[in-house]
Structures are given as structure tokens and as C-alpha cells.
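The structure appears below as C-alpha cells.
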Protein chains: 2
Amino acid sequence: MRETAAAENRPYHHGDLRRALIDAARRLLESEGPTALSLRAVAREAGVSPAAPYHHFKDKGELLDAVAHEGWDMLNAQMAKAKAEATTIQDKLTGLGVSYVRFAQANPALYRVMYDSSRDKEALPDHAHMQDDSAYCQVRDTFIEAGADVNNEIDLELATNAAWCAAHGMAEMISFKMFDHLKVALGGEEAFIRATFQHLGIFAAARPR
Amino acid sequence: MRETAAAENRPYHHGDLRRALIDAARRLLESEGPTALSLRAVAREAGVSPAAPYHHFKDKGELLDAVAHEGWDMLNAQMAKAKAEATTIQDKLTGLGVSYVRFAQANPALYRVMYDSSRDKEALPDHAHMQDDSAYCQVRDTFIEAGADVNNEIDLELATNAAWCAAHGMAEMISFKMFDHLKVALGGEEAFIRATFQHLGIFAAARPR
DNA sequence: AAGATGATCTTTACGCCGTCCAGATTCAGA
DNA sequence: TCTGAATCTGGACGGCGTAAAGATCATCTT
């Protein structure tokens, strides 16, 4: 008797069920949305019994955490690419912000999981803002490149936080239909994002003070 | 046989079960958080059978919508109060932003429900941004009072949207522990909010352009 | 090589959930 | 007063997260 999903032939026990579960979860997240993502559905998609995941994750939340972790890694990578491709400091800053919003827009369900699992712990995961290649550090470093005062740690963090607020706020707003006419008037979504950032100042110009 | 919750003696059928259900939901939301808010629990809290709510709401989502609606009304009122109490235009703008964030902070579960039920419809509810007393219109009007060009509708909407992004982003960030040391360093949460807004420009100064 | 050990997976079960349906109760209008 | 509609109850269904107990299988010890 064959499983319908992605199993085919299982070598010993499964091989790497943990990996398979995370992949199945991300597949379901894309295709069915966040509300349809149940532990049982993930197990089903991976071709395994409903209780099997408990040997790899303490509970559903821990599986979601693992999915969120990969989301942050993807976001960090995408922003690094955006920064690398930009030439001027100005472009780097704006590019980072636009890249952030575009990620949220391209992976809305994943983006939601990333913040939901953060909110439970009342903290963004460390690798999302503490490691060298993190989105947070990339923004902060760009502010430094732009001439921000390295010695004023507080102000540097404030600026980075402000940028994060702007980007996250924009990421949540852009999917609301109420702004569609602005996108049209400005000639596309990216123009809308850039225009909003311009009003917020922070991504449009480095503001060493 | 008496119910344990808030029923006591029911006159005819219940009186106004719709009202009672919304109140029960908000009570549970405050005390138990958003994850614990099930339709059955709400019915239980209201002292009524699990199927009773279906005579007043199409499904769970519609009950949540009603709760969200009251949340937006509360937010609009709180922001109107903040604006009325401020004297200068500067104070009005900053006060609106601070008031928004404070609301989200004081009612985190309600704030979550407000945006979750919006996201499902891909639109903020009309009364949250279209009526005269809405938070959106209050911010926009203040920009006008501050000298924004009334004829440039697009730019005015962009500015208002930008302000909303900043406030919402800040509202989501402020509960993360990773910023606690900034709150301490700046001498309180409100100072942290104001300093961040200052970096974002938009709430710190009207920016007619 | 053989058997023990422990990790992995399945089966079964429990209580909670959202929702539907059939019947009871009560209100309102003729 | 009778009738019909609105409101509420009780019970049922399938899906959920998760725990416990048993089966299976890779690996380690001797």
C-alpha cells in the first residue's frame, strides 16, 4: 500500500522526517494559507501518522518556530542580495526596505508565521536581529556606512528600529485594497512603497544627526 | 438551576444575547488572550448553549468582526481625545501617533483581533478610515491643519498612509523585549515611542511638500 | 553473531473545537 | 386565542492538538 503524498519508499524509519515535516508545512502554507495549517495536515502531507511529529517537535508551536526560522533566513538572504546589488548608499537603504516589503508580499503566510511565533515569546528570534548577516544588522551597518555616529549606540538602534517599524508597517498595509488606487496613480506597487518610504524619510536618506 | 456566569434571570429569551456575546468575548479576550477565545467559551461565558450564537452571527468570524468593530470605535475615540487635548499642531500629530501605539499596548489581544479580521477581507473596515471621526481622517485633517496641500490628494493620502505604517509598525514592535534597554535608556516607553517617531519624521513635524 | 537498547513510528483514545440539525420554548401579530 | 416566526437547547459529526502504549527497526555491546 503506497502513500499518496511524498513518501514512496521509506528506507529505515523515514530518513529525515524533521526536514520532511518542515517542507510539508511550507508547502501547505503556500497552497492553503495559514489557517489550514494543522499538525495533522502536515503529517498527512508528509505521509506519516498524526503523532509522528512529536518525536521531532515538542508541539505544534515548535514546528511553526522551525518554519519561521527558515523564513527569517530567506528574508536575510534576500535583503543581503538587494543590498549587494545596489550601488549608492541611498540605493542600498531604499533597496533594503523595498526588499523587506516585497518578501512579505511574496510570502504572506510565511511572513505571518514569522511574526506570530515571535509574538508568543515577546521577542524576535536572535538570528533575525543579532547575527552579522541578519536584516537588522544589514540596516544598521548601512546607516553607519551612510555616516551615522557609531559612538551614539542609542541613536543608531533607534534609527534601525524606526526603519524596521516603517518596513513592517508598510508590509502589513500593502495588501489592503484601500490603497489600490494609490498604486495605480503612482504607477505600480514598488512606486507606492518608495513614495511611502520617502514620506517616512528613513529609507529615503540616511539621517545621521 | 442557576448559571455560573452572567445570566442570573433571563427575562424572555435572553434579552439581548448579541450584546452579551460581544461583551463576553471581550471579557475573555482580556483575561485569557486571543488563542483561548473559542465560540464555545464565549457562549459558556454568556451562560448559553454552544449553538445559540448562530442566531446572531453567521459564524465565529462574524462575532470577531463585531468585537473588532468596537475596537476601532474605541481607538477612534481615544485618538480624538488625544488630539483634542493637544494644543499645538505638533502636539496633535505626535499625540495621535502616541495614542495609537498606547491603545495597541493597552489592548494587545483586541488590537490583534482588529487586524486579523481586517486581513481576512484584505481591507480595513470602512469606519476605520472613511468616517469623519475615524483615526485615518483625524490624521489626514491634522496634516491639512499643518499646511499640507489640500489639492494634492495623492500626496495627502501617501502621508497619512505613511503615518499609519509608522504607528502600526511601532505598535507591533514595542512589545518585543529586545527594545527594553532602549526604553530604559530613554526613560520610559513614551519617550521611546516619541524618539522613534522623531526618526520617522512624520509624527514629529508636518511635512507639507 | 546475538541480543539488548533506544529511537522512531502507529494505533488508539481523550477532550475541545466549529458547525449543523431537529426539537422545545417563547414572543408577536391576527 | 391561535399561528407563525424568532430564539434557544441537546445531540451529533468530523477535525483538531496531544498523550500513552505498543510495534518496528538501526545501532551498540559483548
Side-chain angles (χ1 to χ4, degrees), chain A residues 1-25 28-29 31-68 109 113 116-117 120, chain B residues 1-25 28-29 31-68 109 113 116-117 120:
Chain A
M1 201 211 293
R2 284 284 161 91
E3 314 301 331
T4 61
E8 289 303 308
N9 44 358
R10 334 213 185 138
Y12 359 113
H13 275 233
H14 183 110
D16 190 354
L17 183 55
R18 185 190 156 85
R19 207 21 307 139
L21 287 169
I22 296 177
D23 290 343
L28 282 177
L29 211 50
S31 61
E32 312 290 339
T35 60
L37 194 131
S38 68
L39 232 196
R40 291 178 106 104
V42 172
R44 225 176 291 135
E45 170 81 14
V48 101
S49 88
Y54 285 87
H55 292 270
H56 301 271
F57 302 99
K58 196 174 108 308
D59 55 16
K60 184 186 178 183
E62 248 189 26
L63 169 59
L64 272 300
D65 286 351
V67 172
V113 169
D116 285 349
S117 79
D120 293 342
Chain B
M1 200 212 292
R2 282 285 160 90
E3 313 302 330
T4 61
E8 289 304 307
N9 45 358
R10 334 216 186 135
Y12 358 115
H13 275 231
H14 183 111
D16 190 355
L17 183 54
R18 185 190 156 85
R19 208 17 313 138
L21 287 169
I22 296 177
D23 290 343
L28 282 177
L29 211 49
S31 60
E32 312 290 340
T35 61
L37 191 126
S38 67
L39 231 195
R40 290 178 106 103
V42 172
R44 223 177 292 136
E45 170 81 15
V48 100
S49 87
Y54 285 87
H55 292 271
H56 302 272
F57 302 99
K58 196 175 105 309
D59 55 17
K60 185 186 178 184
E62 246 188 27
L63 169 59
L64 272 301
D65 286 351
V67 172
V113 169
D116 285 348
S117 79
D120 292 343

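Just so you know, these numbers use all the heavy atoms, side chains as well, and skip hydrogens, waters and symmetry mates. Letters A, B, ... mirror the listed sequences (proteins, then strands); counts begin at 1. Owing to the predicted nature of the structure, the values given are computational and were not obtained by experimental measurement.
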Expressed in angstrom and rounded to an integer, what is the separation of B:H55 atom NE2 from D:dT7 atom P? 8 Å
Examine D:dA6: is either OP1 or OP2 under 4.0 Å from a nitrogen or oxygen in the side chain of B:H56? Give yes or no. no
Divergence of helical axes at both termini of the helix from C:dA1-D:dT30 to C:dA30-D:dT1 - five pairs an end, 10° steps: 10°
Here's a test for you: under side-chain contact (heavy atoms from CB on, under 4.5 Å), which of B:L64, B:V67, B:V113 qualifies with B:L37? B:L64
Taking it one step at a time, do A:I22 and A:F57 satisfy side-chain contact (heavy atoms from CB on, under 4.5 Å)? CA-CA 10 Å; A:I22 296 177; A:F57 302 99; 4.0 Å; yes
Closest approach of A:A43 to A:P50 (non-hydrogen atoms, all atoms of both residues): CB-CA, 4.0 Å
Protein within reach of the bases, or only the backbone? For nucleotides 12-17 of chain D, mark each nucleotide 5' to 3' as B, S or -, using heavy atoms under 4.0 Å. B---BB
If I take atom CZ in residue A:F57 and atom P in nucleotide C:dC9, what distance separates them, rounded to the nearest angstrom? 12 Å
Could you note down all residue pairs passing side-chain hydrogen bond (donor to acceptor under 3.5 Å, both in side chains) where residues 55-68 of chain A supplies at least one of them, sequence neighbours left out? A:D65-A:K121
Please report, rounded to the nearest Å, how far the C1' atom of C:dT8 is from the CZ atom of A:R19. 19 Å
Verdict with supporting geometry, B:Y54 and B:L39, side-chain contact (heavy atoms from CB on, under 4.5 Å): CA-CA 10 Å; B:Y54 285 87; B:L39 231 195; 3.4 Å; yes
Output the rounded distance in Å from CG (A:D16) to C1' (D:dA26). 15 Å
Name all residues meeting the side chain to side chain contact (heavy atoms under 4.5 Å, CB included) criterion together with B:A51; count only those two or more places apart in sequence or in a different chain, and write none if there are none. B:S49
Partners meeting side-chain hydrogen bond (donor to acceptor under 3.5 Å, both in side chains) with A:R19 (sequence neighbours left out): A:D23, A:E70
side-chain hydrogen bond (donor to acceptor under 3.5 Å, both in side chains) with B:D116: which residues, sequence neighbours excluded? B:R119
